[in-house]
Protein chains: 2
Amino acid sequence: MANSQFAMAVHVMAMLAKNCDERIKSSYIAKSVNTNAVVIRRLLSDLHEANLVVSQTGYSGGTCLTRQPADVCLLEIYEAVSHDNIFGLHAKEPDRDCEIGSTITGVLGKLQVEIDEAVKQKFASYTLQDVIDELVKCKEEKGEKILSE
Amino acid sequence: MANSQFAMAVHVMAMLAKNCDERIKSSYIAKSVNTNAVVIRRLLSDLHEANLVVSQTGYSGGTCLTRQPADVCLLEIYEAVSHDNIFGLHAKEPDRDCEIGSTITGVLGKLQVEIDEAVKQKFASYTLQDVIDELVKCKEEKGEKILSE
DNA sequence: TTCTTTTGTAACTAAACTTGTTACAATTAT
DNA sequence: ATAATTGTAACAAGTTTAGTTACAAAAGAA
């Protein structure tokens, strides 16, 4: 199964961004994401560790953003919930007695860093506000489609 | 577990590149990669589908490259063994009745394509020969280290 | 104070994926 | 014929992901 944590995290952040002034409940977000509230709270826990959200327990508790959507880049969200490299190295260490086996990991490691950097750079080029803007644009396009049908 | 298919595939291809004129046996590669020969043959099967290698069964059978290492880019290897996007979309479809839930997938899909493209572009910028060259460079550096110790 | 709501987190399950292994038919040189 | 090798199916063990239940802690409401 492809990891959907980032997709859900962006969804969560977008929900919070749309209601910047209220505290949003995990159950409300869960309904939109179509999952269990605990799944959302686990994500919010990661996002909190990254200082992207604050939550309050108890009656009238909930979560809100710590910053304006324009000040949150997607890289922060990605790093908050994603811990893997784009590709992994060998599960078991290759044969040290083989000329290639003994050096390939170093070469792949360098490549791994480069690829990861390219991804990070791309994620860093967008903010949460860009996602909101795009959401609005998509919504409008959908509206036009309905009208022109 | 982070997927190590690409790492193993590059290792396999590098082994084949180092012995361009012979047919290499899966058991020989498996020893260097430190895994089972069947794991290697499964990888070779994917690489064959991508037209990167040819194998022969039977006595004195084995596998060799279809092209010179300089004519194989890492993107081809990556695409031969990797089928996932960098990040996945929602496991379950979000709530259609929610303004954000109904549009977020489209936005994330566009982002997904962009990120995947960035990765592909990076992989496309290297050839198997570059990996071989880097291997040689790393080996030399190791040698120097030993001498200077 | 007591009740209610909500978060935070642990524990468990089910499904999917990855790697490793055994087994064996098909193929090909000796 | 015999031996060696690939190709592939079938299965096992370990890991990961998402989902679920349960409940303590927190905090406002009554």
Side-chain angles (χ1 to χ4, degrees), chain A residues 1-9 11-12 15-16 19 22-50 52-64 81-85 87-95, chain B residues 1-9 11-12 15-16 22-50 52-64 81-95:
Chain A
M1 200 184 313
N3 191 318
S4 62
Q5 300 247 314
F6 174 72
M8 289 197 289
H11 189 153
V12 168
M15 297 281 290
L16 298 178
N19 304 275
E22 312 161 53
R23 282 198 281 253
I24 308 298
K25 292 174 208 163
S26 61
S27 57
Y28 177 70
I29 302 174
K31 186 168 180 300
S32 174
V33 177
N34 189 17
T35 185
N36 192 290
V38 174
V39 172
I40 298 302
R41 292 206 289 271
R42 280 200 288 241
L43 272 175
L44 288 172
S45 174
D46 287 339
L47 294 169
H48 175 71
E49 270 186 54
L52 296 172
V53 304
V54 241
S55 298
Q56 187 154 70
T57 59
Y59 206 105
S60 77
T63 305
C64 54
V81 298
S82 173
H83 310 289
D84 279 349
N85 297 93
F87 65 86
L89 299 183
H90 295 62
K92 287 189 200 163
E93 192 188 6
D95 185 5
Chain B
M1 202 183 311
N3 192 316
S4 62
Q5 301 248 313
F6 174 72
M8 289 196 289
H11 190 154
V12 168
M15 298 279 291
L16 298 177
E22 314 161 51
R23 282 199 281 252
I24 308 298
K25 293 174 208 164
S26 61
S27 56
Y28 177 70
I29 302 174
K31 186 169 181 301
S32 174
V33 178
N34 188 18
T35 184
N36 192 289
V38 175
V39 172
I40 299 301
R41 292 208 289 271
R42 279 199 290 241
L43 271 175
L44 287 172
S45 174
D46 288 340
L47 294 169
H48 174 72
E49 270 186 54
L52 295 173
V53 303
V54 239
S55 298
Q56 188 154 72
T57 59
Y59 207 105
S60 77
T63 306
C64 54
V81 298
S82 173
H83 309 290
D84 279 349
N85 297 94
I86 299 304
F87 66 85
L89 300 183
H90 295 62
K92 288 188 198 163
E93 192 189 6
D95 185 5

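Throughout, protein chains are lettered first and strands after them, A, B, ... in sequence-line order, and every chain is numbered starting at 1. These numbers come from the heavy atoms of this one structure, side chains and all, not from hydrogens, waters or symmetry mates.
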### Task
Please determine if a side-chain N or O atom of Q5(A) lies less than 4.0 Å away from the OP1 or OP2 oxygen of dA18(D).
yes
### Task
Please examine the side chains of M8(B) and V39(B), heavy atoms only from C-beta on, and report whether any two atoms are closer than 4.5 Å.
yes
### Message
I'd like to check V33(A) versus M15(A) (side-chain heavy atoms, cut-off strictly below 4.5 Å). Are they in contact?
### Response
no
### Query
Can you tell me if the side-chain N/O atoms of T35(B) get under 4.0 Å from OP1 or OP2 in dG20(C)?
yes
### Whole-Å gap separating P (dA4(D)) and CD1 (I24(B))
18 Å
### Message
What contact category does S26(A) fall into here, base, sugar-phosphate, or nothing, at under 4.0 angstrom with non-hydrogen atoms?
### Response
sugar-phosphate
### Task
Consider the side chain of Y59(A), meaning its heavy atoms from C-beta on, and name the nucleotide among dT6(D), dT5(C), dT19(C) that approaches it most closely.
dT5(C)
### Query
Of all the nucleotides listed (dA10(C), dA18(D), dA23(C)), which has the minimum atom distance to the side chain of V38(A)?
dA10(C)
### Task
Would you classify S27(B) as touching base, sugar-phosphate or nothing, given that sugar-phosphate means primed atoms plus P, OP1 and OP2, and contacts are heavy atoms under 4.0 Å?
nothing
### Task
Measure from NZ on K25(B) to C1' on dA29(C) and round the result to the nearest Å.
12 Å
### Query
Just how far, in rounded Å, is C1' of dT8(D) from CZ of R41(B)?
9 Å
### Query
When rounded to the nearest 0.5 angstrom, what is the spacing between NZ in K92(B) and OG1 in T35(A)?
6.0 Å
### Query
Is there a side-chain polar atom (N or O) of S4(A) under 4.0 Å from OP1 or OP2 of dT17(D)?
no
### Task
Provide, to the nearest angstrom, the distance between the CZ atom belonging to F87(B) and the P atom belonging to dT16(D).
22 Å
### Message
Quick check for you: among dT6(D), dA26(D), dT22(C), whose closest atom lies nearest to any side-chain atom of N36(B)?
### Response
dT22(C)
### Interatomic distance where NE2 belongs to H48(B) and C1' belongs to dT8(D) [whole Å]
14 Å
### Message
What is the separation between atom NE2 on H83(A) and atom P on dT16(D), rounded to the nearest whole Å?
### Response
12 Å
### Message
Could you tell me how far apart L44(B) (CG) and dT5(D) (P) are, to the nearest whole angstrom?
### Response
15 Å
### Message
For dT8(D) and S45(B) - does any side-chain N or O of the residue sit under 4.0 Å from the phosphate oxygens OP1/OP2?
### Response
yes
### Nearest-nucleotide 5' precedence on DNA chain D, Q56(A) against A37(A)
A37(A)
### Query
Nearest nucleotide by nearest heavy atom, which residue falls closer to the 5' end of DNA chain C, G62(A) or R42(B)?
G62(A)
### Message
For V12(A) versus L47(A), what's the shortest heavy-atom pair and its separation?
### Response
CG1-CD1, 4.2 Å
### Message
Does H48(A), at its NE2 atom, have more than 12 non-hydrogen atoms belonging to other residues, nucleotides or ligands within less than 6.0 Å?
### Response
no
### Query
Roughly how many Å is it from CG in D46(B) to C1' in dT6(D), rounded to a whole number?
15 Å
#### Entry: Position toward the 5' end of DNA chain C (nearest nucleotide), S60(B) or K92(A)
K92(A)
